[in-house]
Protein chains: 2
Amino acid sequence: MTALTADELTTSVEDYLKAIYAITRQGHPATTSEIAHWLNLSPPSVSGMVKRLAEQGLLEYQPYKGVELTAKGRRGALTILRRHRIIEAYLVERLGYSWDSVHQEAERLEHAVSEVLIERMADALGNPEFDPHGDPIPRPDGSMAEATSTPMPDIEVGQEGVLHQVRSNDAEQLRFIASVGLKPGTVFTVVAQQPFHGPTTIRIGDTEQVIGHELGSLLRCEVSGEQG
Amino acid sequence: MTALTADELTTSVEDYLKAIYAITRQGHPATTSEIAHWLNLSPPSVSGMVKRLAEQGLLEYQPYKGVELTAKGRRGALTILRRHRIIEAYLVERLGYSWDSVHQEAERLEHAVSEVLIERMADALGNPEFDPHGDPIPRPDGSMAEATSTPMPDIEVGQEGVLHQVRSNDAEQLRFIASVGLKPGTVFTVVAQQPFHGPTTIRIGDTEQVIGHELGSLLRCEVSGEQG
DNA sequence: TAGTAAAATTAGGCAACCCTAAATACGGCA
DNA sequence: TGCCGTATTTAGGGTTGCCTAATTTTACTA
Ligand SMILES: [Mn+2]
Ligand SMILES: [Mn+2]
Ligand SMILES: [Mn+2]
Ligand SMILES: [Mn+2]
(Lines give C-alpha, C1' and ligand atoms only; values in the text may rest on other atoms or scores of the structure.)
(Ligands and ions follow the chains in the order given, each with its own letter.)
Protein backbone atom coordinates (compact mmCIF):
# COMPACT_ATOMS: atom_id res chain seq x y z
CA MET A 1 0.00 0.00 0.00
CA THR A 2 2.72 2.44 0.95
CA ALA A 3 4.94 1.50 -1.95
CA LEU A 4 2.24 2.00 -4.52
CA THR A 5 0.78 5.27 -3.31
CA ALA A 6 3.66 7.17 -1.77
CA ASP A 7 5.42 8.88 -4.61
CA GLU A 8 7.60 10.83 -2.21
CA LEU A 9 11.22 9.84 -2.06
CA THR A 10 13.33 10.48 1.00
CA THR A 11 16.38 12.71 0.92
CA SER A 12 18.64 9.67 1.04
CA VAL A 13 16.85 7.91 -1.77
CA GLU A 14 16.99 11.00 -3.93
CA ASP A 15 20.72 11.33 -3.41
CA TYR A 16 21.26 7.65 -4.20
CA LEU A 17 19.34 8.00 -7.44
CA LYS A 18 21.38 11.02 -8.47
CA ALA A 19 24.63 9.24 -7.64
CA ILE A 20 23.70 6.10 -9.53
CA TYR A 21 22.54 8.16 -12.46
CA ALA A 22 25.84 10.02 -12.56
CA ILE A 23 27.92 6.85 -12.26
CA THR A 24 26.01 4.86 -14.85
CA ARG A 25 26.33 7.77 -17.30
CA GLN A 26 29.84 6.47 -17.76
CA GLY A 27 28.40 3.43 -19.45
CA HIS A 28 28.69 0.67 -16.86
CA PRO A 29 26.50 -0.46 -13.96
CA ALA A 30 27.23 1.33 -10.70
CA THR A 31 29.15 -0.81 -8.25
CA THR A 32 28.59 -0.80 -4.52
CA SER A 33 31.90 0.83 -3.81
CA GLU A 34 31.49 3.50 -6.46
CA ILE A 35 28.18 4.51 -4.92
CA ALA A 36 29.65 4.36 -1.44
CA HIS A 37 32.54 6.54 -2.48
CA TRP A 38 30.31 9.02 -4.29
CA LEU A 39 28.00 9.42 -1.32
CA ASN A 40 30.61 9.09 1.36
CA LEU A 41 29.00 6.07 2.93
CA SER A 42 30.23 2.60 3.85
CA PRO A 43 29.74 -0.21 1.33
CA PRO A 44 27.45 -2.18 3.65
CA SER A 45 25.15 0.83 3.91
CA VAL A 46 24.93 0.93 0.15
CA SER A 47 24.32 -2.81 -0.09
CA GLY A 48 21.37 -2.43 2.25
CA MET A 49 19.89 0.62 0.60
CA VAL A 50 20.27 -0.78 -2.88
CA LYS A 51 18.14 -3.72 -1.88
CA ARG A 52 15.40 -1.40 -0.65
CA LEU A 53 15.55 0.65 -3.85
CA ALA A 54 15.26 -2.50 -5.93
CA GLU A 55 12.14 -3.48 -3.97
CA GLN A 56 10.68 -0.07 -4.75
CA GLY A 57 11.32 -0.68 -8.41
CA LEU A 58 13.78 2.18 -8.74
CA LEU A 59 16.67 0.07 -9.90
CA GLU A 60 17.72 -3.37 -10.95
CA TYR A 61 20.12 -5.10 -8.66
CA GLN A 62 22.14 -8.22 -9.26
CA PRO A 63 24.18 -9.07 -6.18
CA TYR A 64 27.89 -8.68 -6.89
CA LYS A 65 27.09 -7.24 -10.33
CA GLY A 66 26.16 -3.66 -9.58
CA VAL A 67 22.96 -1.72 -10.19
CA GLU A 68 21.22 0.11 -12.98
CA LEU A 69 18.26 2.47 -12.76
CA THR A 70 14.87 1.41 -14.04
CA ALA A 71 12.83 3.88 -16.08
CA LYS A 72 11.15 4.90 -12.85
CA GLY A 73 14.48 5.39 -11.11
CA ARG A 74 15.80 7.42 -14.00
CA ARG A 75 12.72 9.62 -13.92
CA GLY A 76 13.36 10.22 -10.24
CA ALA A 77 17.01 11.03 -10.82
CA LEU A 78 16.20 13.49 -13.59
CA THR A 79 13.59 15.20 -11.45
CA ILE A 80 16.11 15.83 -8.69
CA LEU A 81 18.75 16.86 -11.18
CA ARG A 82 16.34 19.39 -12.65
CA ARG A 83 15.61 20.72 -9.20
CA HIS A 84 19.28 20.90 -8.30
CA ARG A 85 20.31 22.76 -11.40
CA ILE A 86 17.43 25.21 -11.46
CA ILE A 87 18.11 26.03 -7.83
CA GLU A 88 21.77 26.63 -8.63
CA ALA A 89 20.87 28.85 -11.56
CA TYR A 90 18.38 30.80 -9.49
CA LEU A 91 20.76 31.35 -6.61
CA VAL A 92 23.44 32.65 -8.94
CA GLU A 93 21.12 34.79 -11.06
CA ARG A 94 18.89 36.20 -8.39
CA LEU A 95 20.62 35.98 -5.06
CA GLY A 96 24.21 36.78 -5.81
CA TYR A 97 25.76 33.38 -5.21
CA SER A 98 29.05 32.66 -6.94
CA TRP A 99 29.02 29.71 -9.32
CA ASP A 100 31.58 27.88 -7.18
CA SER A 101 29.57 28.13 -3.95
CA VAL A 102 26.04 27.17 -4.90
CA HIS A 103 26.38 23.43 -4.97
CA GLN A 104 26.07 22.77 -1.26
CA GLU A 105 23.03 24.94 -0.85
CA ALA A 106 21.33 23.21 -3.79
CA GLU A 107 22.26 19.82 -2.40
CA ARG A 108 19.93 20.44 0.54
CA LEU A 109 17.24 22.52 -1.11
CA GLU A 110 16.67 20.02 -3.91
CA HIS A 111 14.92 17.77 -1.37
CA ALA A 112 12.67 20.45 0.07
CA VAL A 113 11.27 22.40 -2.87
CA SER A 114 7.90 21.67 -4.44
CA GLU A 115 7.34 21.19 -8.13
CA VAL A 116 5.49 24.50 -8.13
CA LEU A 117 8.43 26.38 -6.70
CA ILE A 118 10.87 24.85 -9.15
CA GLU A 119 8.72 25.82 -12.09
CA ARG A 120 8.35 29.35 -10.75
CA MET A 121 12.08 29.69 -10.41
CA ALA A 122 12.59 28.26 -13.89
CA ASP A 123 10.02 30.67 -15.32
CA ALA A 124 11.59 33.60 -13.51
CA LEU A 125 14.86 32.76 -15.25
CA GLY A 126 13.29 32.17 -18.65
CA ASN A 127 13.64 28.39 -18.46
CA PRO A 128 17.41 28.15 -18.84
CA GLU A 129 18.99 25.14 -20.54
CA PHE A 130 22.21 25.12 -18.50
CA ASP A 131 23.15 25.63 -14.87
CA PRO A 132 26.04 27.82 -13.66
CA HIS A 133 28.51 24.95 -14.10
CA GLY A 134 27.44 24.43 -17.68
CA ASP A 135 25.51 21.28 -16.86
CA PRO A 136 22.35 20.84 -18.93
CA ILE A 137 19.11 21.19 -16.99
CA PRO A 138 16.71 18.29 -17.61
CA ARG A 139 13.38 19.52 -18.91
CA PRO A 140 10.18 18.48 -17.14
CA ASP A 141 9.79 15.67 -19.68
CA GLY A 142 13.25 14.33 -18.87
CA SER A 143 14.98 15.39 -22.07
CA MET A 144 17.93 17.72 -21.97
CA ALA A 145 20.33 19.63 -24.16
CA GLU A 146 23.49 17.70 -24.81
CA ALA A 147 26.62 19.77 -24.72
CA THR A 148 29.16 17.90 -26.83
CA SER A 149 32.36 19.52 -25.83
CA THR A 150 36.07 18.84 -25.66
CA PRO A 151 38.17 18.25 -22.56
CA MET A 152 40.68 21.07 -22.24
CA PRO A 153 43.76 18.81 -22.56
CA ASP A 154 42.51 17.63 -25.97
CA ILE A 155 42.58 21.09 -27.47
CA GLU A 156 45.58 21.66 -29.71
CA VAL A 157 48.19 24.23 -28.92
CA GLY A 158 47.43 27.56 -30.55
CA GLN A 159 43.69 27.00 -30.57
CA GLU A 160 41.29 29.32 -28.81
CA GLY A 161 38.56 27.78 -26.67
CA VAL A 162 35.56 28.69 -24.57
CA LEU A 163 34.99 26.91 -21.29
CA HIS A 164 31.48 25.47 -21.35
CA GLN A 165 31.19 23.06 -18.51
CA VAL A 166 33.01 22.27 -15.27
CA ARG A 167 32.36 18.65 -14.40
CA SER A 168 33.00 18.76 -10.66
CA ASN A 169 30.96 19.10 -7.53
CA ASP A 170 33.98 19.46 -5.31
CA ALA A 171 34.02 22.82 -3.58
CA GLU A 172 37.81 23.01 -3.43
CA GLN A 173 38.21 22.18 -7.08
CA LEU A 174 35.58 24.72 -8.06
CA ARG A 175 37.12 27.39 -5.89
CA PHE A 176 40.51 26.72 -7.42
CA ILE A 177 39.16 26.87 -10.96
CA ALA A 178 37.41 30.14 -10.17
CA SER A 179 40.61 31.46 -8.59
CA VAL A 180 42.61 31.07 -11.80
CA GLY A 181 40.02 33.14 -13.61
CA LEU A 182 38.04 30.35 -15.23
CA LYS A 183 34.29 30.00 -15.26
CA PRO A 184 31.77 28.85 -17.84
CA GLY A 185 31.99 31.33 -20.66
CA THR A 186 35.67 32.19 -20.19
CA VAL A 187 37.65 32.43 -23.43
CA PHE A 188 41.25 31.21 -23.41
CA THR A 189 44.06 30.12 -25.70
CA VAL A 190 46.06 26.94 -25.28
CA VAL A 191 49.73 27.88 -25.04
CA ALA A 192 51.27 24.51 -24.32
CA GLN A 193 50.33 20.93 -23.65
CA GLN A 194 52.69 18.49 -21.99
CA PRO A 195 52.44 14.90 -23.19
CA PHE A 196 51.79 11.86 -20.95
CA HIS A 197 48.88 13.42 -19.10
CA GLY A 198 50.94 16.47 -18.33
CA PRO A 199 49.59 19.92 -17.59
CA THR A 200 48.03 22.36 -20.03
CA THR A 201 49.16 25.96 -20.15
CA ILE A 202 46.53 28.46 -21.20
CA ARG A 203 46.35 32.21 -21.56
CA ILE A 204 43.33 34.05 -20.20
CA GLY A 205 43.51 37.71 -21.13
CA ASP A 206 47.12 38.54 -20.43
CA THR A 207 47.84 36.01 -17.68
CA GLU A 208 49.02 32.47 -18.18
CA GLN A 209 47.80 29.58 -16.07
CA VAL A 210 48.92 26.00 -15.77
CA ILE A 211 46.19 23.39 -15.29
CA GLY A 212 47.00 19.83 -14.29
CA HIS A 213 45.63 17.02 -16.42
CA GLU A 214 43.22 15.67 -13.80
CA LEU A 215 41.57 19.05 -13.40
CA GLY A 216 41.83 19.87 -17.08
CA SER A 217 39.84 16.77 -18.00
CA LEU A 218 36.91 18.13 -16.04
CA LEU A 219 36.89 21.32 -18.08
CA ARG A 220 34.73 20.82 -21.16
CA CYS A 221 35.30 23.41 -23.85
CA GLU A 222 34.34 24.42 -27.31
CA VAL A 223 37.18 25.06 -29.69
CA SER A 224 36.51 28.48 -31.15
CA GLY A 225 39.34 28.73 -33.68
CA GLU A 226 42.95 29.32 -34.50
CA GLN A 227 44.72 32.03 -32.58
CA GLY A 228 47.50 34.03 -34.30
CA MET B 1 30.74 15.29 22.22
CA THR B 2 27.88 15.18 19.79
CA ALA B 3 25.62 17.30 21.93
CA LEU B 4 28.18 20.03 22.48
CA THR B 5 29.51 20.35 18.95
CA ALA B 6 26.62 19.57 16.67
CA ASP B 7 24.65 22.76 16.40
CA GLU B 8 22.44 21.27 13.74
CA LEU B 9 18.87 20.51 14.70
CA THR B 10 16.81 17.94 12.87
CA THR B 11 13.64 18.89 11.03
CA SER B 12 11.56 17.30 13.78
CA VAL B 13 13.39 19.13 16.52
CA GLU B 14 13.00 22.44 14.74
CA ASP B 15 9.28 21.91 14.37
CA TYR B 16 8.93 20.97 18.03
CA LEU B 17 10.75 24.13 19.08
CA LYS B 18 8.51 26.29 16.94
CA ALA B 19 5.40 24.60 18.29
CA ILE B 20 6.47 24.95 21.90
CA TYR B 21 7.43 28.56 21.32
CA ALA B 22 4.01 29.30 19.85
CA ILE B 23 2.16 27.53 22.64
CA THR B 24 4.12 29.04 25.51
CA ARG B 25 3.59 32.52 23.99
CA GLN B 26 0.13 32.19 25.54
CA GLY B 27 1.72 32.42 28.97
CA HIS B 28 1.68 28.85 30.26
CA PRO B 29 3.99 25.84 29.88
CA ALA B 30 3.23 23.70 26.85
CA THR B 31 1.49 20.45 27.75
CA THR B 32 2.14 17.16 26.04
CA SER B 33 -1.26 17.10 24.43
CA GLU B 34 -1.07 20.68 23.21
CA ILE B 35 2.21 19.90 21.46
CA ALA B 36 0.83 16.64 20.10
CA HIS B 37 -2.21 18.42 18.75
CA TRP B 38 -0.18 21.26 17.24
CA LEU B 39 2.16 18.88 15.43
CA ASN B 40 -0.37 16.20 14.66
CA LEU B 41 1.45 13.53 16.60
CA SER B 42 0.46 11.11 19.33
CA PRO B 43 1.07 12.13 22.94
CA PRO B 44 3.53 9.26 23.54
CA SER B 45 5.66 10.48 20.66
CA VAL B 46 5.77 13.91 22.24
CA SER B 47 6.62 12.49 25.66
CA GLY B 48 9.58 10.72 24.16
CA MET B 49 10.85 13.61 22.10
CA VAL B 50 10.48 16.08 24.93
CA LYS B 51 12.81 13.97 27.01
CA ARG B 52 15.42 14.04 24.27
CA LEU B 53 15.07 17.80 23.87
CA ALA B 54 15.51 18.27 27.61
CA GLU B 55 18.73 16.24 27.45
CA GLN B 56 19.95 18.53 24.70
CA GLY B 57 19.27 21.50 26.92
CA LEU B 58 16.63 22.94 24.62
CA LEU B 59 13.83 22.90 27.15
CA GLU B 60 12.98 22.25 30.74
CA TYR B 61 10.74 19.34 31.37
CA GLN B 62 8.93 18.36 34.53
CA PRO B 63 7.03 15.13 33.99
CA TYR B 64 3.28 15.79 34.11
CA LYS B 65 3.90 19.53 34.34
CA GLY B 66 4.63 20.51 30.76
CA VAL B 67 7.68 22.09 29.16
CA GLU B 68 9.25 25.48 28.71
CA LEU B 69 12.03 26.46 26.37
CA THR B 70 15.45 27.31 27.73
CA ALA B 71 17.29 30.34 26.35
CA LYS B 72 18.99 27.98 23.92
CA GLY B 73 15.68 26.48 22.86
CA ARG B 74 14.14 29.91 22.39
CA ARG B 75 17.08 30.98 20.27
CA GLY B 76 16.51 27.91 18.11
CA ALA B 77 12.80 28.60 17.80
CA LEU B 78 13.38 32.22 16.79
CA THR B 79 15.95 31.19 14.21
CA ILE B 80 13.46 28.89 12.51
CA LEU B 81 10.70 31.45 12.82
CA ARG B 82 12.95 34.01 11.11
CA ARG B 83 13.68 31.53 8.35
CA HIS B 84 10.05 30.63 7.93
CA ARG B 85 8.83 34.18 7.70
CA ILE B 86 11.57 35.46 5.43
CA ILE B 87 10.94 32.55 3.09
CA GLU B 88 7.23 33.37 3.05
CA ALA B 89 7.94 37.00 2.34
CA TYR B 90 10.40 36.14 -0.42
CA LEU B 91 8.08 33.68 -2.13
CA VAL B 92 5.26 36.22 -2.17
CA GLU B 93 7.39 39.19 -3.21
CA ARG B 94 9.63 37.53 -5.74
CA LEU B 95 8.03 34.35 -6.96
CA GLY B 96 4.38 35.23 -7.21
CA TYR B 97 3.01 33.08 -4.40
CA SER B 98 -0.27 34.17 -2.87
CA TRP B 99 -0.17 34.99 0.83
CA ASP B 100 -2.57 32.16 1.60
CA SER B 101 -0.50 29.45 -0.13
CA VAL B 102 3.07 30.04 1.04
CA HIS B 103 2.92 28.45 4.43
CA GLN B 104 3.37 24.84 3.35
CA GLU B 105 6.30 25.59 1.11
CA ALA B 106 8.01 27.52 3.92
CA GLU B 107 7.30 24.73 6.38
CA ARG B 108 9.69 22.49 4.43
CA LEU B 109 12.21 25.03 3.20
CA GLU B 110 12.82 26.44 6.68
CA HIS B 111 14.76 23.26 7.49
CA ALA B 112 16.93 23.29 4.38
CA VAL B 113 18.12 26.86 3.92
CA SER B 114 21.48 28.10 5.16
CA GLU B 115 21.97 31.22 7.21
CA VAL B 116 23.63 32.77 4.19
CA LEU B 117 20.64 32.19 1.96
CA ILE B 118 18.20 33.57 4.49
CA GLU B 119 20.20 36.75 4.87
CA ARG B 120 20.44 37.15 1.11
CA MET B 121 16.70 36.78 0.77
CA ALA B 122 16.16 39.24 3.61
CA ASP B 123 18.56 41.74 2.02
CA ALA B 124 16.90 41.34 -1.35
CA LEU B 125 13.62 42.35 0.28
CA GLY B 126 15.12 45.21 2.28
CA ASN B 127 14.97 43.35 5.58
CA PRO B 128 11.22 43.38 6.09
CA GLU B 129 9.76 43.48 9.59
CA PHE B 130 6.61 41.49 8.80
CA ASP B 131 5.74 38.44 6.76
CA PRO B 132 2.79 38.16 4.36
CA HIS B 133 0.45 37.18 7.20
CA GLY B 134 1.44 40.20 9.24
CA ASP B 135 3.57 38.16 11.62
CA PRO B 136 6.67 39.97 12.84
CA ILE B 137 9.96 38.55 11.55
CA PRO B 138 12.49 37.92 14.33
CA ARG B 139 15.71 39.81 13.70
CA PRO B 140 19.01 37.92 13.73
CA ASP B 141 19.47 38.95 17.37
CA GLY B 142 16.10 37.45 18.31
CA SER B 143 14.24 40.71 18.85
CA MET B 144 11.17 41.52 16.82
CA ALA B 145 8.61 44.21 16.16
CA GLU B 146 5.53 43.79 18.29
CA ALA B 147 2.31 44.47 16.48
CA THR B 148 -0.18 45.41 19.16
CA SER B 149 -3.45 45.10 17.35
CA THR B 150 -7.11 44.51 17.99
CA PRO B 151 -9.10 41.36 17.21
CA MET B 152 -11.73 42.21 14.62
CA PRO B 153 -14.70 41.36 16.88
CA ASP B 154 -13.48 43.94 19.40
CA ILE B 155 -13.78 46.84 16.97
CA GLU B 156 -16.84 48.95 17.54
CA VAL B 157 -19.56 49.27 14.96
CA GLY B 158 -18.99 52.21 12.67
CA GLN B 159 -15.22 52.15 13.07
CA GLU B 160 -12.91 51.72 10.16
CA GLY B 161 -10.05 49.23 10.50
CA VAL B 162 -7.05 47.88 8.67
CA LEU B 163 -6.30 44.19 8.81
CA HIS B 164 -2.74 43.76 10.03
CA GLN B 165 -2.26 40.16 10.92
CA VAL B 166 -3.94 36.83 10.24
CA ARG B 167 -3.12 34.49 13.07
CA SER B 168 -3.64 31.18 11.34
CA ASN B 169 -1.54 28.60 9.59
CA ASP B 170 -4.52 26.64 8.39
CA ALA B 171 -4.67 26.56 4.59
CA GLU B 172 -8.47 26.34 4.49
CA GLN B 173 -8.92 29.24 6.87
CA LEU B 174 -6.43 31.34 4.94
CA ARG B 175 -8.07 30.53 1.63
CA PHE B 176 -11.45 31.44 3.03
CA ILE B 177 -10.21 34.73 4.40
CA ALA B 178 -8.60 35.55 1.08
CA SER B 179 -11.81 34.58 -0.71
CA VAL B 180 -13.88 37.19 1.12
CA GLY B 181 -11.43 39.83 -0.03
CA LEU B 182 -9.37 40.15 3.13
CA LYS B 183 -5.59 40.18 3.37
CA PRO B 184 -3.10 42.11 5.46
CA GLY B 185 -3.50 45.74 4.46
CA THR B 186 -7.20 45.50 3.60
CA VAL B 187 -9.29 48.43 4.87
CA PHE B 188 -12.81 47.71 6.07
CA THR B 189 -15.63 49.16 8.15
CA VAL B 190 -17.48 47.31 10.87
CA VAL B 191 -21.16 47.34 10.02
CA ALA B 192 -22.52 45.12 12.76
CA GLN B 193 -21.40 42.99 15.67
CA GLN B 194 -23.60 40.30 17.20
CA PRO B 195 -23.20 39.80 20.94
CA PHE B 196 -22.34 36.50 22.65
CA HIS B 197 -19.48 35.66 20.32
CA GLY B 198 -21.67 36.23 17.32
CA PRO B 199 -20.46 37.15 13.86
CA THR B 200 -19.09 40.48 12.71
CA THR B 201 -20.39 42.13 9.57
CA ILE B 202 -17.91 44.29 7.69
CA ARG B 203 -17.91 46.27 4.51
CA ILE B 204 -14.95 45.99 2.14
CA GLY B 205 -15.32 48.44 -0.72
CA ASP B 206 -18.94 47.99 -1.65
CA THR B 207 -19.47 44.41 -0.58
CA GLU B 208 -20.49 43.24 2.86
CA GLN B 209 -19.09 40.13 4.47
CA VAL B 210 -20.03 38.22 7.59
CA ILE B 211 -17.18 36.77 9.64
CA GLY B 212 -17.80 34.27 12.42
CA HIS B 213 -16.35 34.99 15.82
CA GLU B 214 -13.81 32.17 15.80
CA LEU B 215 -12.30 33.36 12.55
CA GLY B 216 -12.69 37.02 13.45
CA SER B 217 -10.58 36.56 16.58
CA LEU B 218 -7.67 35.52 14.38
CA LEU B 219 -7.87 38.76 12.44
CA ARG B 220 -5.77 41.39 14.18
CA CYS B 221 -6.51 44.90 13.07
CA GLU B 222 -5.70 48.51 13.68
CA VAL B 223 -8.63 50.80 14.22
CA SER B 224 -8.14 53.63 11.79
CA GLY B 225 -11.02 55.89 12.79
CA GLU B 226 -14.70 56.71 12.71
CA GLN B 227 -16.50 56.13 9.45
CA GLY B 228 -19.41 58.49 8.53
C1' DT C 1 43.23 -25.24 -11.31
C1' DA C 2 44.36 -23.70 -6.49
C1' DG C 3 45.26 -19.54 -3.93
C1' DT C 4 44.40 -14.99 -2.75
C1' DA C 5 43.30 -10.15 -2.46
C1' DA C 6 39.64 -7.10 -3.26
C1' DA C 7 34.80 -6.34 -3.44
C1' DA C 8 30.45 -7.27 -1.69
C1' DT C 9 27.30 -9.13 1.41
C1' DT C 10 25.64 -10.68 5.91
C1' DA C 11 25.44 -10.22 10.91
C1' DG C 12 24.64 -7.48 14.59
C1' DG C 13 24.00 -2.75 16.48
C1' DC C 14 22.52 1.94 17.18
C1' DA C 15 19.98 6.45 16.96
C1' DA C 16 16.07 9.14 15.66
C1' DC C 17 11.12 9.17 15.45
C1' DC C 18 6.73 7.57 15.16
C1' DC C 19 2.68 4.42 16.71
C1' DT C 20 -0.81 1.60 19.68
C1' DA C 21 -1.97 -0.50 24.01
C1' DA C 22 -1.38 -0.66 28.85
C1' DA C 23 -0.29 1.37 33.16
C1' DT C 24 -0.03 5.35 36.15
C1' DA C 25 -0.46 10.01 38.04
C1' DC C 26 -3.19 14.15 38.74
C1' DG C 27 -6.83 17.10 40.01
C1' DG C 28 -11.44 17.96 40.97
C1' DC C 29 -15.59 16.51 43.10
C1' DA C 30 -18.66 13.86 46.02
C1' DT D 1 -10.73 11.67 52.07
C1' DG D 2 -11.53 8.58 48.29
C1' DC D 3 -13.07 7.93 43.49
C1' DC D 4 -12.83 8.76 38.73
C1' DG D 5 -11.98 10.54 34.32
C1' DT D 6 -8.41 12.68 31.78
C1' DA D 7 -3.67 13.55 30.82
C1' DT D 8 0.60 11.51 30.68
C1' DT D 9 3.98 8.21 30.73
C1' DT D 10 5.77 3.49 30.06
C1' DA D 11 5.99 -0.76 27.35
C1' DG D 12 6.68 -2.78 23.30
C1' DG D 13 7.12 -2.37 18.15
C1' DG D 14 8.29 -0.75 13.51
C1' DT D 15 10.91 1.81 9.78
C1' DT D 16 14.74 4.19 7.79
C1' DG D 17 19.51 4.55 7.38
C1' DC D 18 23.95 4.38 8.91
C1' DC D 19 28.15 1.80 11.04
C1' DT D 20 31.84 -1.95 12.18
C1' DA D 21 33.26 -6.70 12.09
C1' DA D 22 32.88 -11.08 10.04
C1' DT D 23 31.98 -13.87 6.13
C1' DT D 24 31.42 -14.96 1.41
C1' DT D 25 31.99 -14.36 -3.50
C1' DT D 26 34.56 -13.07 -7.43
C1' DA D 27 38.09 -12.53 -10.44
C1' DC D 28 42.79 -12.68 -11.26
C1' DT D 29 47.23 -14.86 -11.02
C1' DA D 30 50.60 -18.31 -10.37
MN1 LIG E 1 21.07 16.29 -2.06
MN1 LIG F 1 25.67 22.33 -11.13
MN1 LIG G 1 8.68 22.91 9.34
MN1 LIG H 1 3.49 33.48 8.13
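In what follows, every chain begins at residue 1, and chains take the letters A, B, ... in the order their sequences are listed. No experiment lies behind these values; they were computed from the predicted model shown.
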* Asked: For DNA chain D, which residues in residues 19-31 of chain A have a heavy atom at a distance below 4.0 Å?
  -> none
* A:K65 side chain N/O closer than 4.0 Å to the phosphate oxygens (OP1, OP2) of C:dA8? -> no
* Contact state string [nucleotides 12-25 of chain C, B base, S sugar-phosphate only, - no protein heavy atom under 4.0 Å] -> ----SBSBBB---S
* Could you tell me which residues satisfy side chain to side chain contact (heavy atoms under 4.5 Å, CB included) with A:A54, sequence neighbours excluded, listed by chain and number? => A:L59, A:Y61
* Structure fact -> Taken in chain and number order and not counting sequence neighbours, the residues that satisfy salt bridge (Lys or Arg N to Asp or Glu O under 4.0 Å) with A:K183 are none
* Asked: With sequence neighbours left out, what residues match A:H103 under side chain to side chain contact (heavy atoms under 4.5 Å, CB included)?
  -> A:H84, A:E88, A:E107, A:N169
* Under 4.0 Å between a Lys/Arg side-chain N and an Asp/Glu carboxylate O for A:E110 and A:R85? -> no
* To do: Enumerate the residue pairs fulfilling side-chain hydrogen bond (donor to acceptor under 3.5 Å, both in side chains) with a member in residues 35-44 of chain B, sequence neighbours excluded, ordered by first and then second residue.
  => B:S42-B:S45
* Can you name the residues that form a side chain to side chain donor-acceptor pair (under 3.5 Å) with B:T70, not counting sequence neighbours? -> none
* Structure fact -> Those residues at least two apart in sequence (or on a different chain) that pass salt bridge (Lys or Arg N to Asp or Glu O under 4.0 Å) with B:E129 are B:R139
* Answer whether the closest heavy-atom distance between the side chains of A:L117 and B:Y97 falls below 4.5 Å. => yes
* Structure fact -> 5'-most to 3'-most nt of DNA chain D touching chain B (<4.0 Å, heavy-atom partner on protein side) reads D:dA7 to D:dT10
* Structure fact -> Taking five pairs at each terminus, the helix from C:dT1-D:dA30 to C:dA30-D:dT1 shows an axis bend, to 10°, of 30°
* Can you tell me which residue pairs pass the salt bridge (Lys or Arg N to Asp or Glu O under 4.0 Å) test with a partner in residues 211-222 of chain B, sequence neighbours excluded? => none
* **side chain to side chain contact (heavy atoms under 4.5 Å, CB included) partners for A:H28, two or more places apart** => A:I23, A:Q26, A:E34
